[in-house]
**Q** 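Got a structure here, written out as C-alpha cells. Questions coming.
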Amino acid sequence: MPLLSEKDTKYLKKTFEEHLKDPIQVLVFVDDPSECEYCDLTRQVLEELSSIDGKIQLGVHHVKREPELAEKYRVEMTPAIILLDANGEDTNIRFYGIPSGHEFSTLIQDIIAVSNNKPVFFNEQQVDLIRSISVPVRIRVFVTPTCPYCPKAVLMAHNAALINRNVTAEMIEANEFPELSMKYGVSSVPHTVINDVHEFIGAYPEHMFVQELLKAVRKV
Amino acid sequence: MLFELKGLEDIKEHYDVLIAGGGPAALGAAVYARRAGLSVLIVEKVLEGGQLNFTTYIDNYLGFPNIEGAELAKRMKEHAESLGTQFLNGSVEKVILDDETRAVVLDDGRTIQAKVLMIATGTDPKRLNVPGESELIGKGISYCATCDGYFFKEKDVVVVGGGDTAINDALYLSKIARSVTVIHRRDKLRAVKILQEKAFQRPNIKFLFDSVVERFVGENKLERVVVKNVKTNETSELHVEGVFVAIGSVPRSDLVKGFVELDENGYIITNEWMETNVPRLYAIGDVRKKNVRQIVTAVADGAIAAVHAAQNYF
C-alpha cells in the first residue's frame, strides 16, 4: 500500500516535471526498527518520491552499518534526511524525524529549491546579509506535523543553508525527540534555536529572521 | 497534504483584485471574481485557509459534515486555484491609495497595483494581559492547541475561555492530556450546545466557572496558574504545565488604521456590500465588524464584495 495517494503522486509528477532542473541526491539515514519508530516510514515515503522523478536520487544508509558515512554527514539522530546538490555537495539541509503532515510540503519545496539552487525566500539584500556570515551557524527548528506555521520557519532556515554553506539548518520533529525538545524547553512550535545561544518562537517574516540570524552570529 | 510551491509562480505588477489574507473570505471572493473574469492575487503570509487550518473538526459548514479544518482549507484553496486565482506567500505591509489604483507594498519591498483591494486579514488570538503571560508564552502558554497539544501528553492542562474555540480545544486536548480544566469567567459556557454536551460527557474535562486567571507563575517554565473566583474573590492555584488561551480575537486592521473607519474594537466598518468608507477598498471576513464570525459568513462576505466590485468597476 503506497503512502502517497494516486492524486498526490500525479500532482507531484507534474510539479517535478515543471520545476526540477538539476538532479538532486537525497540521503536517508535509518536505524533498526527497535531504535527508530519512524525510520521505515521515512524510507518508504522517500522511495516513493524518488520513483516519481528520476532526478531525485535516493541513497538509504544504516547508521550502525555505515558509521563512517553517518559521521561524515554528522548524523546525530534517526531518521535523518540530508539533501545534496547536483555535484554531490552537502547543502547542510537536514530533517530529523519524519517530514509528515505540514512538513511534507517543506521537503518538496526544499527538493525544488536545491535542484534549482534558488531559495524561495529572501530578497537580494537579505541574500547578501546571509552570504556575509563567516562562522559556522547551526539552526535547529523544532516543529510538530500539525503546526501550520512551522513549514515557513523550516523552509526559511533551509533556504539560508542553501545560500551559505556555513549555515546548517535542521528541522527537528519535536514529538520524536522528546529529550532534546525538553532540553531546549520546547513547548510551542515553531521554536528555533541557533548555535545554542539564541532562540525565538514563531514563524518570523524574512527580514526579522535575517536579523535574528545575525544577532545569533554576533553572540558566537 | 497541502503543497505550497511558493515563489515559483509569475507574479504580475497589476491585478484587477488583490486580496490581503487568504482565509475563507478571500477564497470565496476569488471564486466569484474569477468567474466574473477578473484577475485575482491572494497574498497570504502563512497558509491559505487561514484559521481553518487550526480547527480540528468543523461540523457547521453546509455539505461537509465533520470535516477536518485543514482538509476544508485545502479544498477551498484548490477550488479557487482551479479557476485561475494566483497566490503569493508574503504579507502586506502598507496600502497606498491614489485616484486610480489601490497599491500594496509587500514585506519583501515589492509593490503590486490593483484596481480593487480587499482586506481579509482576519484576527489574532486575544491575550489575557495578566502578569506572567508574555514571559511564559512558548514556555507553557500557547494559543494553538493543534500545534502544541502533543507537548502535554499525559499532563494536566488548562483551557481559558468558554466559546466554541475554547471548548473545541478542550475536546481536542482531552484526548492527549491527562486532564483539562476549563476556566471560564461566567457561570455558563458560550459555546454551542452540541460542543457543550460533548465536553460535559468527557470524564477528564473539568470546569471552573465564574473564574478568571489572575496571573501565571513559573521560572522559565509554567508551573502554576493563580485563579480568582469572581463571585467569592477567593484565589486558588492550579499546578499545570500547559495553558491554552482561547478568549476571543483581535482584528488585524492596523494596515488600514487612520484612513478606514474602524469600530471601538478595531474591526473595519463596512456597508452591506462590504465596502469601507474608501471606494474600491473592501473588508471581508472576521476583520469586519459583524455579528456572526463563521466560515459560512466569511465566504459570503467574499462573494458579496466580488459581485459588487465586478458590477461597478469592471
Side-chain angles (χ1 to χ4, degrees), chain A residues 4-5 7-8 11-12 15 18-19 99-109 112-113 116 118-126 142-153 155 159 173-176 178 181-182 185-191 199-208, chain B residues 1-9 44-56 68-70 73-74 78 81 89-93 106-110 136-153 155 157 172 176 218-222 241-244:
Chain A
L4 298 177
S5 71
K7 190 169 152 252
D8 285 349
Y11 177 83
L12 286 169
T15 305
E18 281 171 18
H19 296 300
S100 67
H102 289 297
E103 291 309 326
F104 187 61
S105 74
T106 314
L107 175 67
I108 303 299
Q109 294 185 77
I112 293 171
N116 289 276
K118 182 171 169 259
V120 175
F121 291 113
F122 307 124
N123 61 28
E124 267 175 49
Q125 196 192 349
Q126 290 160 343
F142 289 85
V143 304
T144 62
T146 49
C147 159
Y149 287 117
C150 290
K152 186 172 180 182
L155 196 60
N159 275 192
E173 206 280 275
N175 296 327
E176 284 175 58
S181 305
M182 215 182 298
V186 176
S187 75
S188 272
V189 285
H191 183 130
E199 61 177 355
F200 58 95
I201 293 160
Y204 281 14
E206 288 151 281
H207 64 276
M208 277 173 70
Chain B
M1 214 54 246
L2 224 49
F3 300 111
E4 298 297 326
L5 301 167
K6 292 156 193 156
L8 293 169
E9 223 172 351
E44 161 62 43
K45 66 174 175 178
V46 182
L47 195 58
E48 288 78 14
Q51 281 177 37
L52 270 187
N53 293 291
F54 298 90
T55 314
T56 43
E68 274 186 54
K74 181 183 155 199
E78 284 173 355
E81 200 168 34
N89 178 246
S91 79
V92 174
E93 299 285 301
L106 303 180
D107 52 350
D108 62 5
R110 185 160 32 164
L136 291 167
I137 288 174
K139 295 169 180 171
I141 300 177
S142 168
Y143 302 83
C144 178
T146 56
C147 302
D148 302 330
Y150 270 93
F151 294 115
F152 304 97
K153 207 173 169 185
K155 290 176 178 161
V157 300
Y172 175 72
I176 301 165
E219 290 275 333
N220 280 320
K221 193 172 155 232
L222 178 72
E241 293 187 43
V243 170
F244 292 83

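All chains are named by letter (A, B, ...) in the order of the sequence lines, taking the proteins before the strands, and each is independently numbered beginning at 1. Values reported hereafter were calculated over all heavy atoms of this structure, with side chains retained and with hydrogens, waters and symmetry mates removed.
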**Q** To the nearest 0.5 angstrom, please state how far the CZ atom of R110(B) sits from the CG atom of N123(A).
**A**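 It comes to 10.0 Å.
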**Q** Could you give the distance from OH (Y150(B)) to CG (N175(A)), rounded to the nearest 0.5 Å?
**A** 8.0 Å
**Q** Calculate, to the nearest 0.5 Å, the distance between atoms NE2 and OG1 belonging to H102(A) and T146(B) respectively.
**A** 7.0 Å
**Q** Quick check on L222(B) against chain A: is it the side chain, the backbone, both or neither that has a heavy atom closer than 4.5 Å?
**A** neither
**Q** Y143(B) versus chain A, heavy atoms under 4.5 Å apart: side chain, backbone, both or neither?
**A** neither
**Q** May I ask you to decide if G138(B)'s main-chain N or O and S187(A)'s side chain share a donor-acceptor pair within less than 3.5 Å?
**A**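 Flag set: sc S187(A) to bb G138(B) pair under 3.5 Å.
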**Q** Just so I know, are the side chains of F151(B) and V189(A) near enough to count as touching, which here means a heavy-atom distance under 4.5 Å?
**A**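 Yes. Closest side-chain heavy atoms under 4.5 Å.
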**Q** For the interface with chain B, which of P119(A), C147(A), P205(A) has the highest count of heavy-atom pairs at distances below 4.5 Å?
**A**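 Of the options given, most contacts go to C147(A).
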**Q** To the nearest 0.5 Å, how far apart are CE in M182(A) and NZ in K221(B)?
**A**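 Taking CE in M182(A) and NZ in K221(B), the distance rounds to 8.0 Å.
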**Q** For a 4.5 angstrom cut-off between non-hydrogen side-chain atoms, does P148(A) reach C147(B)?
**A**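 Yes. Closest side-chain heavy atoms under 4.5 Å.
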**Q** So which part of S142(B) gets closer than 4.5 Å to some heavy atom of chain A, the side chain, the backbone, both or neither?
**A**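 Looking at S142(B), backbone and side chain both touch chain A.
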**Q** Given heavy-atom pairs under 4.5 angstrom as the criterion, report whether the side chain, backbone, both or neither of V186(A) touches chain B.
**A** both
**Q** Can you tell me how far CZ of F244(B) sits from OG of S188(A), rounded to the nearest 0.5 angstrom?
**A** 7.0 Å
**Q** Can you name the nearest heavy-atom pair linking K45(B) to K152(A), along with the distance?
**A**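 Scanning both residues completely, I find the closest heavy atoms to be O-NZ, 3.1 Å.
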**Q** Check this for me: Q125(A), atom CD, are more than 12 non-hydrogen atoms of other residues, nucleotides or ligands nearer than 6.0 Å?
**A** no
**Q** Check whether more than 12 heavy atoms from other residues, nucleotides or ligands sit under 6.0 Å from atom NZ of K153(B), and answer yes or no.
**A**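 12 or below, so no.
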**Q** Just checking E219(B): does its CD atom have more than 12 heavy atoms from other residues, nucleotides or ligands closer to it than 6.0 angstrom?
**A** no
**Q** Let me confirm one number: the OG1-CZ distance from T146(A) to F54(B), rounded to the nearest 0.5 Å.
**A**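 Those atoms lie 10.5 Å apart.
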